[in-house]
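Input: a single structure, listed below in structure tokens.
Just so we're on the same page: letters track the sequence lines, and every chain starts at 1.
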2 protein chains.
Amino acid sequence: MESEAVILALAALAQSTRLDVFRLLVSREPAGVPAGEIARELAVPANTMSAHLSVLTRAGLVRSERRSRSIIYRADLEHFRSVATFLLKDCCGGRPEVCAPLVADLTPCCPPKEPAHG
Amino acid sequence: MESEAVILALAALAQSTRLDVFRLLVSREPAGVPAGEIARELAVPANTMSAHLSVLTRAGLVRSERRSRSIIYRADLEHFRSVATFLLKDCCGGRPEVCAPLVADLTPCCPPKEPAHG
DNA sequence: TCCATAATTCCAGACTTATAGAATTATAAT
DNA sequence: ATTATAATTCTATAAGTCTGGAATTATGGA
């Protein structure tokens with residue numbers, strides 16, 4: 001993950017409509033949501049929403065796939081996680097005390113598996 | 001942590017000079033760095049840097065304190081962590097599989113304490 | 001007081017982003 | 001072919017951001 005990709009992702013999420021879109025898509029994984037329904041649920045005109053979805057796509061945070069007349073959008077959770085990792089590693093590397101409480105906070109909601117093998 | 005505060009923080013970090021500043025300040029904790037030295041190290045004019053520092057301050061990511069003629073800037077790691085927590089909790093709540101690998105990735109660099117007590 | 005240093009604020013120009021109406025493209029049903 | 005639905009692209013406007021020169025404020029030393 002390069003820092004330019006991180007900046008793109010941060011900029012994409014630093015806008016209320018787009019943050020709402022991403023949260024909606026995360027909550028609707030893995031089914032995804034058609035563009036029109038996203039626009040309807042968030043009460044934003046379809047063309048405006050299309051512009052926002054394009055920003056999220058360029059940032060790598062969402063992917064889309066046509067299904068008949070609809071275009072289904074889904075959150076790219078792996079990309080999101082790699083952005084978070086980049087950001088946290090930066091401070092974690094030098095400052096373990098930053099990440100320790102965060103890990104402690106996150107651990108209860110995540111299955112206590114053994115360390116990743118990838 | 002409200003979502004408006006998160007958007008402010010994301011917007012502040014979604015700019016290369018400011019991301020560099022924040023990384024520099026994280027690496028220089030807890031001593032901090034005077035404004036002029038930040039500008040010099042990142043090769044940015046003092047007034048331009050001042051504008052960036054002001055954005056980071058409004059976003060709650062840095063704090064400053066005058067020491068004689070210098071103004072010392074420091075990263076606010078707690079605020080940064082609460083931004084990260086907000087973002088991750090959102091996906092963690094619905095999608096544990098997102099956070100599990102991240103926690104696994106972060107754990108090795110952080111002391112394996114028992115869960116937080118705050 | 002006078003000067004030097006450190007940082008900020010003021011200001012203007014160039015650039016980018018957010019928004020949405022109108023037009024267009026793509027798909028499917030009749 | 002015609003019509004309807006779903007989404008995007010075109011275009012324009014309003015608003016916001018990034019940048020840095022010039023002026024200003026704050027501090028400290030001679």
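Residue contacts for B:Ala46: at a heavy-atom cut-off of 4.0 Å it reaches a base atom on one of the strands shown.
Annotation: salt bridge (Lys or Arg N to Asp or Glu O under 4.0 Å) contacts of A:Arg23 (sequence neighbours excluded): B:Asp90. With sequence neighbours excluded, the residues that form a ring-ring contact (aromatic ring centres under 6.0 Å, His included) with B:Phe80 are B:Phe22. Evaluation of the salt bridge (Lys or Arg N to Asp or Glu O under 4.0 Å) rule for A:Glu78 yields no partner, not counting sequence neighbours.
Rounding to whole angstrom units, CG of residue A:Leu13 and P of C:dA18 are separated by 12 Å. A straight line from CG of B:Leu53 to P of C:dA6 spans 16 Å, rounded to a whole angstrom.
Remark: B:Gln15, B:Arg18 in residues 15-32 of chain B come within less than 4.0 Å of DNA chain D through at least one heavy atom. For the segment residues 57-72 of chain B, residues with any heavy atom less than 4.0 angstrom from an atom of DNA chain D are, sorted by number, B:Arg66, B:Ser68, B:Arg69.
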A:Arg58/A:Ser54 under side-chain hydrogen bond (donor to acceptor under 3.5 Å, both in side chains): CA gap, chis, key distance, verdict: CA-CA 6 Å; A:Arg58 269 198 303 279; A:Ser54 147; 2.9 Å; yes
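Summarising the local packing, CZ of A:Arg28 is surrounded by more than 12 heavy atoms from other residues, nucleotides or ligands at distances under 6.0 Å.
Taking 4.0 angstrom as the limit, B:Ser50 places a side-chain polar atom (N or O) nearer than this to OP1 or OP2 of C:dT8.
Between A:Asp105 and B:Arg81 there is no salt bridge, since none of the side-chain N atoms of the basic residue sits less than 4.0 Å from a carboxylate O of the acidic one.
Residues A:Gly32 and A:Arg74 approach most closely at CA-CG, 3.6 Å, considering heavy atoms. Annotation for A:Ala9 and A:Val83: closest pair CB-CG2, 3.7 Å, computed over non-hydrogen atoms.
Two residues, A:His52 and B:Met49, neighbour DNA chain C, and the one matched to the more 5' nucleotide by heavy-atom proximity is B:Met49.
Close approach of DNA chain D to chain B, defined as any atom under 4.0 Å from a non-hydrogen atom of the protein, starts and stops at D:dC18 to D:dG28.
Judged by distance alone, the side chain of B:Thr48 and the main-chain N or O of B:Val44 form no donor-acceptor pair under 3.5 Å.
Residues A:Met49 and A:Val21 are in side-chain contact: their nearest non-hydrogen atoms beyond the backbone lie under 4.5 Å apart.
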